[in-house]
Asks: 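The structure under discussion is supplied below as structure tokens; questions concerning it will follow.
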Number of protein chains: 2
Amino acid sequence: MKKVTAHDVARLAEVSQSAVSRTFTPGASVAPETRERIETAARKLGYRPNAIARSLITRRSRIIGLVMSYLENQFYPVVIERLCQALQQDGYHVLLFISETEEADNVLADILQYQVDGIVMASTTLSSALANDCINAGIPVVLFNRVAQVGPMGGYSTSSVTSQNRAGGRLVGELLVRTGHRRIAWLAGSENASTSRDREAGLCDALAAAGLPLHARGVGDYDFAEARRAVLALFRDPDNRPDALFAANDHMAIAALETLRAELGMQVPRDVSVVGFDNVPQAAWPSFDLTTVQQNVEQMVDATRTLLFEQIGGQVMASSVDVPCVLVERGTVRKRDAT
Amino acid sequence: MKKVTAHDVARLAEVSQSAVSRTFTPGASVAPETRERIETAARKLGYRPNAIARSLITRRSRIIGLVMSYLENQFYPVVIERLCQALQQDGYHVLLFISETEEADNVLADILQYQVDGIVMASTTLSSALANDCINAGIPVVLFNRVAQVGPMGGYSTSSVTSQNRAGGRLVGELLVRTGHRRIAWLAGSENASTSRDREAGLCDALAAAGLPLHARGVGDYDFAEARRAVLALFRDPDNRPDALFAANDHMAIAALETLRAELGMQVPRDVSVVGFDNVPQAAWPSFDLTTVQQNVEQMVDATRTLLFEQIGGQVMASSVDVPCVLVERGTVRKRDAT
DNA sequence: CTGAAAGCGCTTACAG
DNA sequence: CTGAAAGCGCTTACAG
């Protein structure tokens with residue numbers, strides 16, 4: 001079971017090892033008949049070029065590090081699937097790092113040792129420090145679904161791909177105002193996640209335009225159990241309940257739906273309207289039929305590839321892409337107000 | 001932004017490059033003060049050993065290929081998360097390949113070029129041929145949540161980790177019989193998936209023991225939309241409907257639940273009982289409250305690591321591990337029969 | 001304990 | 001078009 005190398009093939013085909021290498025290098029010049037001979041020999045021996053050795057000499061691993069943290073939110077599996085497939089088609093591969101919370105530093109060391117050509121950080125909760133470390137190490141980074149925290153002096157700036165979160169938040173705010181809601185509550189994700197802050201800002205834009213205050217505010221940390229707790233607190237006082245709840249993502253919106261119905265005995269949208277963000281697969285299930293804002297994963301993945309390859313190609317300026325998102329109206333917002 | 005190598009560190013610390021290498025090789029002998037000097041120099045230069053170069057010489061990449069296909073079934077994200085974290089702790093990393101259906105051959109070539117130390121195939125739908133190719137190439141493979149198809153002559157045998165699917169299926173069959181169901185239907189996953197076949201066999205064991213026939217049978221292909229279609233067909237005739245439906249996994253069971261309620265106006269478990277397999281996070285959500293069989297992901301991941309490392313260490317015999325699974329009784333099976 | 005040297009399996013100028 | 005040679009950044013016997 002010895003590994004077969006280019007040398008073995010060269011010997012069998014009676015050519016130099018260089019010729020074998022050229023045969024497997026797209027665009028290199030080899031005479032047609034030589035190539036033929038080499039390919040036959042390679043097939044006979046079951047030869048496959050060693051990507052590790054190639055990486056060492058070309059100083060390109062064609063590996064992209066993908067850092068994620070919470071796959072229970074179904075948005076991320078969808079992202080993984082699309083991103084992996086897209087990168088595979090470009091001849092790149094994905095080294096996956098799962099890092100809950102902030103043990104991320106060890107992860108970083110690992111990533112760097114593996115000489116990845118670039119990194120996609122697709123997690124709203126990872127620290128910006130991590131991203132900066134990578135950039136300092138000279139590795140292209142693209143933030144996916146989040147934006148860099150700006151440092152004290154204007155700070156580092158990292159490429160990022162997001163939806164137009166503020167506009168999306170505004171869309172929801174306008175919908176809720178238009179349909180006559182007056183006591184609108186916000187369920188934040190992580191307080192320091194840009195997605196959550198931007199969506200909240202959009203909501204507040206719409207409220208301000210209508211002269212309405214934000215009725216109440218909870219923090220669900222993008223987590224199912226945390227969201228449940230926050231909803232319980234938000235609806236504790238039966239005399240002062242919100243008439244609408246906008247959650248920073250679908251995962252929490254569904255947690256809210258479950259809690260409102262099963263634990264608080266409320267009906268949606270009769271007693272309260274609920275809106276999410278992402279349009280995960282479950283949002284379309286009849287049990288939830290959740291009104292939400294759709295993030296265009298396909299466009300986001302495309303933009304990520306583009307940004308990544310620009311930087312790998314030497315582009316130094318970081319840039320950000322905002323993909324438009326659209327409101328998906330389903331059944332969790334009451335249609336007209338009785339007020 | 002030049003890469004700093006062991007040579008650079010050696011020069012600064014005034015030692016040989018070998019000494020630098022030893023300092024970063026656990027268990028190598030270096031004098032404490034030499035090590036100190038080298039570590040200081042390394043820190044100053046921001047040196048990190050190049051894992052690619054190390055792999056080339058040690059012929060160990062410390063990379064495991066993980067092949068998956070359908071992440072919309074929430075069981076798999078959970079598996080990815082656990083497996084990644086476990087392997088990271090062992091100093092291994094995960095190169096992720098997503099391959100829908102059978103374009104898998106290209107994927108295979110990729111995997112092999114990357115000199116992965118082993119492969120975990122965690123997908124019920126991938127062909128067994130793929131696994132055999134890897135084994136022929138001398139790469140350890142562990143099948144996760146499926147079992148090798150035995151060839152015509154007894155065929156190849158590949159290590160695998162599964163739940164005790166047949167026993168799990170029997171548990172469900174016994175539960176349904178015990179609670180007085182008489183027209184029990186089976187919703188299969190993919191016809192050639194061992195998980196589906198084994199769970200069905202277990203169900204049939206229980207039915208046979210009770211002298212009951214399998215009332216009806218549909219095929220959902222482990223897919224949400226397919227499962228919906230199959231359920232519609234299974235319940236088309238109002239006069240001959242099943243009184244219980246056992247789906248080969250939770251993903252399809254939830255599809256069934258949604259279809260029964262939203263499209264057929266049936267109540268669960270009043271009109272029909274529903275049972276799944278996996279115990280995905282959503283099964284516990286109040287909207288579904290799904291009775292199911294829990295696969296012990298933690299044990300399955302542990303077994304996978306063990307099997308993988310045995311083979312990487314030179315163990316040639318393939319072996320299979322069956323992890324016990326337990327029935328999780330929730331609200332989708334009616335408690336007593338009125339018959 | 002330490003250094004010089006060989007070598008992992010490739011790519012890529014450089015001559016011819 | 002083709003081959004000999006250098007070299008990517010490491011590890012690891014082998015002497016000392």
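Just so you know, these numbers use all the heavy atoms, side chains as well, and skip hydrogens, waters and symmetry mates.
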Asks: Indicate, with a heavy-atom threshold strictly under 4.0 Å, whether B:Ser18 touches base, sugar-phosphate, or nothing.
Replies: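 Touches a base.
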Asks: Please report the closest heavy-atom contact between A:Val4 and A:Val9, naming both atoms and the distance.
Replies: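 Looking at all heavy atoms of both residues, the shortest contact is CG2-CG2, 4.3 Å.
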Asks: How close do A:Leu308 and A:Ile119 get, heavy atom to heavy atom, and via which atoms?
Replies: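 Residues A:Leu308 and A:Ile119, closest heavy atoms: CD1-O, 4.0 Å.
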Asks: Starting at CD of B:Gln17 and ending at P of D:dT11, how long is that distance when rounded to a whole Å?
Replies: 8 Å
Asks: Side chain of A:Ser29: nearest nucleotide among D:dA4, C:dT12, D:dC1?
Replies: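 So the nucleotide nearest the side chain must be D:dC1.
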Asks: Is there a donor on the side chain of A:Arg22 or the base of D:dG3 sitting less than 3.5 Å from an acceptor on the other?
Replies: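 Such a pair exists between side chain and base.
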Asks: What is the distance, to the nearest angstrom, from the CG atom on A:Asp8 to the P atom on C:dC8?
Replies: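 After rounding, the gap between these two atoms is 11 Å.
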Asks: Which listed nucleotide (D:dT2, C:dG9, C:dT11) is nearest to the side chain of A:Thr34?
Replies: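 That would be D:dT2.
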Asks: Roughly, in whole Å, what's the span from CZ in B:Arg60 to P in D:dG9?
Replies: 24 Å
Asks: For a side-chain contact (heavy atoms from CB on, under 4.5 Å) with B:Ile312, tell me which candidate from B:Ile139, B:Asp117, B:Leu307 qualifies.
Replies: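 With B:Ile312 as partner, side-chain contact (heavy atoms from CB on, under 4.5 Å) holds for just one option, B:Asp117.
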Asks: With respect to the side chain of B:Ser21, which nucleotide from C:dG3, D:dT11, C:dC10 is positioned closest?
Replies: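 Of the candidates, D:dT11 comes closest.
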Asks: Could you give the CZ-to-C1' distance, from A:Arg37 to D:dG3, as a whole number of Å?
Replies: 13 Å
Asks: Establish, with yes or no, whether the OP1 or OP2 oxygen of C:dG9 is under 4.0 angstrom from a side-chain nitrogen or oxygen of B:Arg59.
Replies: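 Affirmative; the distance criterion is met.
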Asks: Take the protein atom CD of A:Gln115 and the nucleotide atom C1' of C:dC10, then report the distance between them rounded to whole Å.
Replies: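 Those two atoms, CD and C1', are 16 Å apart.
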Asks: Of all the choices, D:dT11, C:dT11, D:dC8, which nucleotide is nearest to the side chain of B:Thr25 once you look at every atom?
Replies: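 Looking only at side-chain atoms, B:Thr25 lies closest to D:dT11.
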Asks: Below 3.5 Å, does any donor atom in the side chain of A:Arg48 face an acceptor in the base of C:dG9, or the other way round?
Replies: no
Asks: Contact class for A:Tyr47 (heavy atom, under 4.0 Å): base, sugar-phosphate, or nothing?
Replies: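 It contacts sugar-phosphate atoms only.
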Asks: I need the minimum non-hydrogen distance between B:Tyr47 and B:Ala6, along with the two atoms involved.
Replies: CE1-N, 3.4 Å
Asks: Under 4.0 Å, counting only non-hydrogen atoms across every strand here, what does B:Val20 touch: a base, just sugar-phosphate, or nothing?
Replies: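 The residue B:Val20 makes no contact with any strand.
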Asks: Can you tell me if the side-chain N/O atoms of A:Thr5 get under 4.0 Å from OP1 or OP2 in C:dG9?
Replies: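 For A:Thr5, the contact criterion (side-chain N or O under 4.0 Å from OP1 or OP2 of C:dG9) is not met.
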Asks: Mind checking who C:dT2 pairs with, Watson-Crick or G-U wobble, both distances under 3.5 Å?
Replies: D:dA15
Asks: Between atom NE2 in A:His7 and atom P in D:dA5, what is the gap in whole Å?
Replies: 12 Å
Asks: Could you work out which one of C:dG3, C:dT2, D:dG9 sits closest to the side chain of B:Val30?
Replies: C:dT2
Asks: Identify which nucleotide among D:dC10, D:dT2, C:dC10 has an atom closest to any side-chain atom of A:Ala31, counting heavy atoms from C-beta outward.
Replies: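 Given the options D:dC10, D:dT2, C:dC10, the side chain of A:Ala31 is closest to D:dT2.
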Asks: Could you check how far OH of A:Tyr114 sits from P of D:dC10, rounded to whole Å?
Replies: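 My rounded result for the distance is 14 Å.
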Asks: Find the distance A:Leu56:CG to D:dT11:P and express it as a whole number of Å.
Replies: 12 Å
Asks: Enter the distance from A:Leu71:CG to A:Ile98:CD1 here, rounded to the nearest 0.5 Å.
Replies: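 Between atom CG of A:Leu71 and atom CD1 of A:Ile98 there are 4.5 Å.
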Asks: Are A:Tyr92 and A:Phe309 near enough that their ring centres are under 6.0 Å apart?
Replies: yes
Asks: Name the residue closer to the 5' end of DNA chain C, choosing between B:Ile57 and A:Arg54 according to the nucleotide with the nearest heavy atom.
Replies: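 Final value for this comparison: B:Ile57.
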